Amino acid sequence: TVGAVALDRDGNLAAATSTGGTILKWPGRVGDSPLPGAGYWAENGVCAVSATGIGEFIIRAMASFRVAMLIKGGIKVSDAVKQVVNYVTSLFGPGNIGLIAIDSLGNVASAFNTEVMGRAWGREGMDKVIVAHFPGD
Amino acid sequence: VKATIAVHGGAGSLGYFVNEEHRQRYLNGLVNAVRAGLEAAKRGNALDMVVEAVTSMELDGSYDAGKGSVLNLYGEVEQDAGVMWGKDLSVGAVASVKHVINAIRLARLVMERTDHVLITGEGAEELARQFGLWVPSTELINESKINRYKSLLRNLRSRYEKNTDLARRLGLLG
């Protein structure tokens with residue numbers, strides 16, 4: 001699975017997620033990636049989110065929409081993604097979700113309960129792109 | 001506000017990577033995706049930014065998406081994708097499409113050229129044909145994917161519980 005979240009110069013937010021799904025999945029199985037509220041969410045003035053992991057759990061938790069509602073309630077984007085990952089971990093155990101998000105001010109955040117998640121971000125005017133893979137990066 | 005974009009290449013385990021070279025290609029692809037998104041910001045909006053960034057990763061082949069998509073139980077590629085525009089909560093999505101590489105662009109077409117939110121299977125394939133996004137399976141399935149599929153099929157029982165019984169009924173487990 002791959003995903004992107006973006007804020008443009010006019011303050012609009014957008015999110016996108018795309019996947020080949022899980023290997024050996026049952027034909028016709030659909031995971032979280034195409035489902036708004038699960039695999040992605042974008043709402044001006046709130047945030048944009050993209051999710052990855054085991055789709056069945058991300059759908060049941062409506063993970064992306066859950067992040068947006070926390071932010072709408074005043075939680076910082078970095079805390080919101082952590083809280084949702086912790087919630088999913090408490091329900092289904094570790095190893096099944098990763099989130100990236102951006103808020104309406106351009107703050108970016110990520111959280112995950114898997115071994116690794118490749119993630120990167122950049123901003124107009126910034127010299128370099130920031131890349132990370134391991135939790136501590 | 002300065003245009004800003006973040007991307008991910010999927011969460012999971014290091015076992016996904018065939019070798020360190022694959023892992024480095026995967027990380028480099030993330031930088032390329034961010035750059036594609038920031039390039040799109042010069043002419044377009046946040047929707048253009050995320051579609052260009054995800055397209056960059058779908059065409060890369062290092063990710064479980066687009067060209068690099070894994071195989072399902074029948075040994076086919078089936079992709080899902082979704083895109084959302086925060087200004088009016090517009091959504092476009094496709095699911096279980098077999099013959100595309102640029103699934104996110106097909107999802108955007110659902111948003112902008114149909115009256116729907118999510119289109120699956122044959123209908124999505126027909127949209128792909130209409131808009132020049134359809135590709136033959138040969139562009140999505142290669143020998144290394146088939147070898148990995150066969151080796152994992154032998155261990156299916158260790159991966160899925162319920163599907164194992166279904167796969168056995170289908171005679172897929174030998």
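Quantities reported herein were computed from a predicted structural model and do not represent experimental measurements.
In this structure, chain B has a heavy atom under 4.5 Å from the backbone of A:A132, while its side chain stays farther away. Residue contact with chain A, scored on non-hydrogen atoms closer than 4.5 Å, is absent for B:I119. Residue contact with chain B, scored on non-hydrogen atoms closer than 4.5 Å, involves the side chain of A:L35 exclusively. Interface remark: A:A51 contributes backbone atoms only to the contact with chain B (heavy atom separation under 4.5 Å). With a threshold of 4.5 angstrom between heavy atoms, A:L7 approaches chain B through its backbone and through its side chain. Of the two parts of B:L38, only the side chain, counted from C-beta on, holds a non-hydrogen atom closer than 4.5 Å to a non-hydrogen atom of chain A. Using a 4.5 Å cut-off between heavy atoms, A:V129 contacts chain B through its side chain alone, with no backbone atom that close. Looking at B:V31, the atoms closer than 4.5 Å to chain A (heavy atoms on both sides) sit in the backbone and in the side chain alike. With a 4.5 Å cut-off on non-hydrogen atoms, B:A41 touches chain A through its backbone and its side chain both. Both the backbone and the side chain of B:V83 come within contact range of chain A, with heavy atoms under 4.5 Å apart. Only the side chain of A:V131 comes within contact range of chain B, judged by heavy atoms closer than 4.5 Å. For A:V108, the part lying under 4.5 angstrom from a heavy atom of chain B is the side chain only. With a threshold of 4.5 angstrom between heavy atoms, B:L140 does not approach chain A through any atom at all. With a threshold of 4.5 angstrom between heavy atoms, A:N12 approaches chain B through its backbone and through its side chain. Both the backbone and the side chain of B:K42 come within less than 4.5 Å of a heavy atom of chain A.
Under the 4.0 Å criterion applied to side-chain N and carboxylate O atoms, B:E112 and B:R105 are not assigned as salt-bridge partners. A salt bridge does not link B:E39 to B:R35: none of the charged nitrogens lies less than 4.0 Å from a carboxylate oxygen. Checked for salt-bridge contact, A:R29 and A:E56 meet the test: a charged N lies under 4.0 Å from a carboxylate O. Between A:K72 and A:E43 a salt bridge is recorded (basic side-chain N to carboxylate O distance below 4.0 Å). Between B:E76 and A:K25 no salt bridge is recorded (no basic side-chain N to carboxylate O distance below 4.0 Å). Salt bridge status for B:D48 with B:R108: present, with a side-chain N to carboxylate O gap under 4.0 Å.
Counting heavy-atom pairs closer than 4.5 Å to chain A, the top-ranked of the candidates B:V51, B:L71, B:N72, B:I104 is B:N72. Per-residue heavy-atom pair counts under 4.5 Å with chain B were compared for A:P27, A:P36, A:G53, and the maximum is reached by A:P27. Note: B:L89 leads B:D88, B:L118, B:V117, B:L89 in heavy-atom pairs under 4.5 Å with chain A. With chain A as partner, the option from B:V91, B:N45, B:I5 having the largest number of non-hydrogen pairs under 4.5 angstrom is B:I5. Considering only heavy-atom pairs separated by less than 4.5 Å from chain A, the leading option among B:A103, B:A65, B:S69 is B:A65. Looking only at heavy-atom pairs under 4.5 Å with chain A, the residue among B:G66, B:A6, B:A81 that has the most is B:A6. The greatest number of non-hydrogen atom pairs below 4.5 Å with chain B, out of A:V30, A:I97, A:L99, A:T17, is found for A:T17.
Crowding of B:K87 atom NZ: a count of heavy atoms from other residues, nucleotides or ligands under 6.0 Å not exceeding 12. Within a 6.0 Å sphere centred on CZ of A:R9, heavy atoms belonging to other residues, nucleotides or ligands number more than 12.
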Can you check side chain to side chain contact (heavy atoms under 4.5 Å, CB included) on B:T4 and B:M49, steps first, answer last?
CA-CA 9 Å; B:T4 305; B:M49 293 171 71; 6.0 Å; no
Evaluate B:D80 against A:T19 for side chain to side chain donor-acceptor pair (under 3.5 Å), listing each step before the verdict.
CA-CA 5 Å; B:D80 308 327; A:T19 189; over 6 Å; no
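Ring centroids of A:H133 and B:Y26 are separated by less than 6.0 Å, placing the two rings close together.
In the model, A:N113 has a side-chain atom that pairs as donor or acceptor with a side-chain atom of A:N96 under 3.5 Å. B:H8 and A:S110 share no side-chain donor-acceptor pair at under 3.5 Å.
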